[in-house]
Amino acid sequence: MTIRAVAIGIGHYLPERIMPNSEFEKTLDTSDEWIRTRSGIANRHVAADGETTSNMATKAAQAAIDDAGITIDDIDAIIVATSTPDLTFPSVGTMVQSQLGMTRGYAFDVQAVCAGFIFALTTANSMIQTGQANRILVIGADMFSKIMDYTDRSTCVLFGDGAGALILEGRAGKGTNEDRGILSADLNSDGRYKDMLYVDGGVSTTGTSGHLRMQGNALFRQAVERLSATAHHALGKVGLSDSDIDWIVPHQANIRIIKGTAKKMGLSMDNVIVTLQDHGNTSAASIPLAMSVGKAEGKIKRGDLLLTEAIGGGLAWGSVVIRW
Ligand code: ACO
């Protein structure tokens, strides 16, 4: 018998305010046309004053709990992937725990920037398989609007705010690729590329939270190659191949990266969940948001084989293969 971490509920939250590309035209030398054609983004959601990452995460978590038809008492642990916490500490995880009224179990954060949800999923999978918890709420939540330099047209047009949550439950599987749940994962990082994408502030340096800085073009060149490689590693570990995939659920950073990766994997865009046009890049939230929207639209169905992949600051990148 193999314990599998099976998805039993998914949900998301997006702040009410939608910011279209045209808003940037008022203050920056940019255009709706440039942003759409170079990135694929048309709109992003931006958090209201007073709204926090933990508030967004809690709303997404509640939607996932409702979707699963369980209560917070059924959850053993919470893992939040974020790089934009409310405070330096305590963790967003414990804040969500308190907002959901959970007084047992444990909660913590993981930080792998845009690849955060992949690292959080893999951590949750290991914890379920080793008996540390049976039901884990895995959340990706980020508020990048707070770390944008709104005078830098090469970055501020790309990001948005949001949260997504997935509940994993340990269930007995047969140990074959027909089992529902996480079948394989592949994690990577290479700190030599730290200057390609970073925030220029922090506790032990400037004492400020800083602004995002990115060598977009250099990162773009890394992305397609590394994303298709990690996907192939994860699939290869369990003897699966590209043609077995029903849906790629990619990190939503750039439509050209998404298309390039799908092409390299020999898959059509009909097999890819794309939400980037409406959400922008929501960092650690982008994959669970896309999963949630994909399921709500009736695309992702029980038994489908999903391949999720992401790359972000670190560089850190990876992928997870999951049968829905
Ligand atoms: N409007 C108009 N022109 C712009 C804008 C803009 N908003 N932004 C940049 N430009 C200009 C540049 O100044 C440059 O002008 P120049 O040729 O006169 O110097 C020109 O457009 C081309 O710039 P590039 O950076 O070469 O454009 P590119 O085609 O690479 O697209 C982009 C830029 C969209 C940032 C792309 O490189 C990208 O998506 N990179 C990857 C982002 C990513 O994957 N991030 C990882 C995840 S994020 C995370 O982990 C937090």
Side-chain angles (χ1 to χ4, degrees), residues 19-44 53 81-85 110-120 140-162 188-191 193-201 209-228 230 250-262 274-277 279-287 289-290 308-319:
M19 185 175 179
N21 291 343
S22 55
E23 278 198 41
F24 292 103
E25 292 175 344
K26 294 176 196 157
T27 53
L28 293 171
D29 180 14
T30 190
S31 65
D32 175 47
E33 208 260 329
W34 191 96
I35 301 168
R36 275 178 201 266
T37 50
R38 304 310 291 167
S39 75
I41 299 164
N43 294 296
R44 72 285 293 139
T53 299
T82 188
S83 24
T84 46
V110 300
Q111 207 270 51
V113 201
C114 291
F117 194 73
I118 296 288
F119 282 72
D142 265 312
M143 197 177 278
F144 269 42
S145 63
K146 300 290 185 197
I147 52 167
M148 288 298 112
D149 172 354
Y150 281 101
T151 65
D152 176 10
R153 68 177 181 174
S154 69
T155 54
C156 70
V157 301
L158 302 173
F159 294 89
D161 301 334
N188 309 270
S189 65
D190 189 338
Y193 295 102
K194 67 179 169 49
D195 296 335
M196 216 171 257
L197 176 57
Y198 66 101
V199 170
D200 63 3
S209 49
H211 293 111
L212 180 144
R213 306 293 171 203
M214 180 169 77
Q215 297 167 24
N217 198 274
L219 186 51
F220 189 96
R221 288 198 299 271
Q222 296 283 335
V224 173
E225 205 58 50
R226 289 179 192 272
L227 289 172
S228 52
T230 180
H251 172 48
Q252 311 281 319
N254 187 308
I255 193 64
R256 293 181 292 137
I257 295 175
I258 293 173
K259 284 183 176 165
T261 308
V274 182
T275 53
L276 159 99
Q277 67 285 357
H279 303 166
N281 180 348
T282 55
S283 194
S286 95
I287 287 175
L289 261 165
T308 67
E309 34 83 344
I311 185 165
L315 295 179
W317 69 101
S319 57

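Position 1 is the first residue of the sequence; numbering continues from there. No hydrogens, no waters, no symmetry mates; every other heavy atom, side chains included, goes into these values. Start at 1 and go down the list; that is how both ligands and their atoms are numbered. In this text, all values refer to a predicted model and were calculated from it rather than measured experimentally.
In summary, of the residues considered (T82, D142, D161, T84), a side-chain hydrogen bond (donor to acceptor under 3.5 Å, both in side chains) with S283 occurs for D142 alone. When T282, I258, I287, N281 are each tested for a side-chain contact (heavy atoms from CB on, under 4.5 Å) with Q252, only one passes: I258.
T53 places none of its side-chain heavy atoms less than 4.5 Å from the side chain of K146. Residues D190 and W317 form a side-chain contact, since some pair of their non-hydrogen atoms from C-beta on lies under 4.5 Å apart. Side-chain atoms of F220 and N254, non-hydrogen and from C-beta on, do get closer than 4.5 Å to each other.
With a 4.0 Å heavy-atom cut-off, ligand 1 is reached by the side chain of V113 but not by its N, CA, C or O. The side chain of V157, and not its backbone, has at least one atom closer than 4.0 Å to an atom of ligand 1 (non-hydrogen atoms only; side chain from C-beta on). At a heavy-atom distance under 4.0 Å, only backbone atoms of D29 (N, CA, C or O) approach ligand 1.
For the pair D149 and R213, the salt-bridge criterion is met [side-chain N within less than 4.0 Å of a carboxylate O].
For ligand 1, the polar-atom distance check against S283 finds no nitrogen or oxygen pair separated by under 3.5 Å. Close N/O approach between M214 and ligand 1 is not found [any backbone or side-chain N/O within under 3.5 Å]. Considering backbone and side-chain N/O atoms, H251 never comes within less than 3.5 Å of an N/O atom of ligand 1. For ligand 1, the polar-atom distance check finds an N/O of G313 within less than 3.5 Å of one of the ligand's N/O atoms. Taking only nitrogen or oxygen atoms, main chain and side chain alike, R38 reaches within less than 3.5 Å of ligand 1. Residue R256 has at least one nitrogen or oxygen atom sitting less than 3.5 Å from a nitrogen or oxygen atom of ligand 1, judged on distance alone.
The protein atom (non-hydrogen) at minimum distance from atom 1 (N) of ligand 1 is T30 OG1, 2.6 Å. Residue, atom and distance of the protein heavy atom nearest to atom 40 (N) of ligand 1 are G216 O, 3.0 Å. Looking only at heavy atoms of the protein, atom 43 (C) of ligand 1 is closest to L219 CD2, 3.7 Å. Closest to atom 49 (C) of ligand 1, if we only count protein heavy atoms, is C114 SG, 2.3 Å. Taking atom 11 (C) of ligand 1 as the reference point, the nearest protein heavy-atom neighbour is R153 NH2, 3.6 Å. For atom 24 (P) of ligand 1, the closest non-hydrogen atom on the protein side is N217 ND2, 3.9 Å.
Protein heavy atoms come within 4.0 Å of atom 45 (N) of ligand 1. At a distance under 4.0 Å, no protein heavy atom can be found next to atom 22 (C) of ligand 1. Distances from atom 37 (O) of ligand 1 to the protein include at least one heavy-atom value under 4.0 Å. Protein heavy atoms are found less than 4.0 angstrom from atom 3 (N) of ligand 1. For atom 14 (C) of ligand 1, the nearest protein heavy atom lies 4.0 Å away or farther. Protein heavy atoms all stay at least 4.0 Å away from atom 19 (O) of ligand 1. Protein heavy atoms are found inside the 4.0 Å sphere centred on atom 30 (O) of ligand 1.
At least one heavy atom of L158 sits less than 4.0 Å from an atom of ligand 1. Note on ligand 1: A223 sits outside its first shell, no heavy atom being nearer than 4.0 Å. Using a 4.0 angstrom heavy-atom cutoff, F24 does not count as in contact with ligand 1.
Atom numbering of ligand 1 starts at 1 in the shown order; those under 4.0 Å from a heavy atom of N254 are 34 (C), 36 (C), 38 (C), 39 (O). Every atom of ligand 1 is numbered from 1 in the order shown, and the set under 4.0 Å from a heavy atom of I257 is 41 (C), 44 (O). Under a 4.0 Å criterion applied to the non-hydrogen atoms of A253, ligand 1 contributes the atoms 43 (C), 44 (O). Annotation for ligand 1: atoms under 4.0 Å from non-hydrogen atoms of I311 are 46 (C), 47 (C).
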- request: Take L197 and L212 through the side chain to side chain contact (heavy atoms under 4.5 Å, CB included) test and state the conclusion after the steps.
  value: CA-CA 7 Å; L197 176 57; L212 180 144; 4.1 Å; yes
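Residue nearest to atom 8 (N) of ligand 1, selected from W34, F144, F159: W34 (by heavy-atom distance).
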